[in-house]
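The structure appears right after this line, and notes come after that.
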Number of protein chains: 2
Amino acid sequence: MIKNGEIEQSMHLLRVLARSYSSVSTHSFGSCKKFGFNPTEFAVLELLYHKGPQKLNEIGSRLLLVSGGVTYVVDKMVAAGLVIREPCQTDRRVIYAKLTEKGRRTIEEIAPKHAENLHEAVSGLTPAEKEKLIDLLKKMGKEAERKWKEKSSRI
Amino acid sequence: MIKNGEIEQSMHLLRVLARSYSSVSTHSFGSCKKFGFNPTEFAVLELLYHKGPQKLNEIGSRLLLVSGGVTYVVDKMVAAGLVIREPCQTDRRVIYAKLTEKGRRTIEEIAPKHAENLHEAVSGLTPAEKEKLIDLLKKMGKEAERKWKEKSSRI
DNA sequence: ATTTATTATATCAAATTTGAAATAATAGTC
DNA sequence: GACTATTATTTCAAATTTGATATAATAAAT
């Protein structure tokens, strides 16, 4: 049986999480915009930069975009010359998105400044506190994912 | 001078935060949808239920909606019979959004089930860990807000 | 009393996201 | 090899969000 106070605490946690997340996101979104991108585009740039060429559906699952949304954002970035599509050799259903030279130069120039902006956004915590926060968030997130998969598989 | 490792830690924190938040949000969005609302509508219902009638611009600033967005969502909820607009007596620029009887009944019926769904989403943590997480998130969020206001005022 | 600045809401077009097909390729089974 | 199920991407319309501007009311200053 679930105690009532515990549910109340969970709801409180979620309100605090939502508020804190949006405060931090404000910095992030503002920084993206300053560099001429929306958050989705920026996330794609970062993903391709850090992880290399990605299958379109991987982009979707990592950034929580539906398939149509991936097509949309990639189209735009291709039009801007930041990204190219590369069909997979072994599976003709699959298409990779890959940074162009221009895309790489762009993100390399922006990334450090963006990082400083974000660093400022979380400057309320000491390194030790950040470490603790990372642990708790990971633990919470992992279980949320697990539970969601469990739910989804029950359909 | 900022040490490089600290920035890296901050970036790591932000990645973990984003991922953890979206894992939890998946539960929240799914729950809203199950009850026939999108997250924005649900948030408005909850806000009006917990805080009573709100000025439209208060709704906007709390839920991070631009004024056009507030008009849009309130229009829809008025059309659904969940909310009414009430002009302010003392300031004719101001309009309040207020739950109708139907709106109140709806949220009262949904809220407990929604709360249980969310409680499940954060079940990876013990009450003590939740308490600690709340503290850290609050501290981080407060400073992020302060810094953002500081930035904004410098324009 | 006018003027000026600020605040609140609405309007509207453009950008973005969502969700439901449609299309095409692969994998597994018989 | 034909049949069925699954996976990947695109297409398209509808829903939602964003951003700029318009309208109206209040507040502050002269």
Side-chain angles (χ1 to χ4, degrees), chain A residues 22 25-26 28-45 48 53-80 82-98 152-153 155, chain B residues 22 25-26 28-45 48 53-80 82-98 152-153 155:
Chain A
S22 75
S25 292
T26 303
S28 175
F29 290 10
S31 180
C32 294
K33 197 206 271 187
K34 206 170 68 174
F35 298 121
F37 296 103
N38 72 33
T40 306
E41 293 164 339
F42 204 98
V44 171
L45 275 182
L48 298 185
Q54 299 286 310
K55 300 174 182 176
L56 297 190
N57 69 348
E58 278 172 346
I59 294 178
S61 61
R62 275 181 187 276
L63 308 184
L64 298 187
L65 301 174
V66 298
S67 59
V70 175
T71 299
Y72 178 76
V73 66
V74 170
D75 278 351
K76 238 183 349 162
M77 298 179 79
V78 167
L82 300 166
V83 159
I84 54 169
R85 280 186 169 84
E86 277 200 341
C88 176
Q89 297 299 323
T90 60
D91 185 338
R92 296 203 300 171
R93 291 170 302 181
V94 174
I95 297 179
Y96 286 88
K98 179 183 165 183
S152 306
S153 68
I155 294 177
Chain B
S22 74
S25 291
T26 302
S28 174
F29 291 10
S31 180
C32 293
K33 197 206 271 186
K34 206 171 67 173
F35 297 122
F37 296 103
N38 71 32
T40 308
E41 294 164 340
F42 204 98
V44 171
L45 275 182
L48 299 185
Q54 299 287 308
K55 300 174 184 176
L56 296 190
N57 68 350
E58 279 172 346
I59 294 178
S61 60
R62 276 181 186 276
L63 308 184
L64 299 185
L65 302 174
V66 298
S67 64
V70 175
T71 300
Y72 178 75
V73 65
V74 170
D75 278 351
K76 236 182 353 160
M77 297 179 79
V78 167
L82 299 167
V83 160
I84 53 171
R85 280 186 168 84
E86 276 202 342
C88 175
Q89 297 300 322
T90 59
D91 185 339
R92 296 202 302 169
R93 292 170 302 180
V94 174
I95 297 178
Y96 287 88
K98 180 182 165 184
S152 307
S153 69
I155 295 179

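The sequence lines fix the lettering, A, B, ..., with proteins before strands; numbering per chain opens at 1. Treat the numbers as computed from the prediction; the structure is a model and nothing was measured.
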Quick one: [X] [atom1] to [N] [atom2], roughly how many Å, whole number?
{"X": "B/Met77", "N": "D/dT16", "atom1": "CE", "atom2": "P", "answer": "12 Å"}
{"X": "B/Phe37", "N": "D/dA15", "atom1": "CZ", "atom2": "C1'", "answer": "16 Å"}
{"X": "A/Leu65", "N": "C/dT16", "atom1": "CG", "atom2": "P", "answer": "12 Å"}
{"X": "B/Leu63", "N": "D/dT16", "atom1": "CG", "atom2": "P", "answer": "15 Å"}

Map A/Arg92 and A/Val66 onto DNA chain C by nearest heavy atom, then report which one ends up closer to the 5' terminus.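 Nearest nucleotide further toward 5': that of A/Val66.
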For D/dT18 and A/Lys33 - does any side-chain N or O of the residue sit under 4.0 Å from the phosphate oxygens OP1/OP2?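 A/Lys33 to D/dT18 OP1/OP2: no side-chain N or O under 4.0 Å.
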Tell me whether the side-chain N/O atoms of B/Asn38 come closer than 4.0 Å to OP1 or OP2 in D/dA15.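 Indeed not, no polar side-chain atom of B/Asn38 lies that close.
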Validation row: B/Phe29, A/Leu64 side chains within 4.5 angstrom (heavy atoms):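 When only atoms from C-beta onward are counted, A/Leu64 and B/Phe29 do not touch, as no gap falls below 4.5 Å.
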Sugar-phosphate means primed atoms, P, OP1 and OP2; the rest is base. With that split, encode nucleotides 7-14 of chain C 5' to 3' as B, S or - using protein heavy atoms under 4.0 Å. BSBBB---
Could you tell me which non-hydrogen atom of B/Thr40 sits nearest to which non-hydrogen atom of B/Leu63, and how far apart they are?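 Heavy atoms only, the tightest pair is O-CD1, 4.5 Å.
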For A/Val44 and A/Ile59, work out which heavy atoms get closest and say how close.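 Closest pair (atom of A/Val44, atom of A/Ile59, distance): CG2-CG2, 4.2 Å.
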Passing candidate, side chain to side chain contact (heavy atoms under 4.5 Å, CB included) with B/Lys55, options B/Val70, B/Asp91, B/Val94: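 Among the candidates, only B/Val94 passes.
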Would you give the length of the straight line joining atom CG of A/Leu56 to atom CZ of A/Arg85, rounded to the nearest 0.5 angstrom?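 Here the interatomic distance stands at 6.0 Å.
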Donor-acceptor under 3.5 Å (B/Asn38 side chain, B/Glu41 main chain):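 A pair under 3.5 Å: yes.
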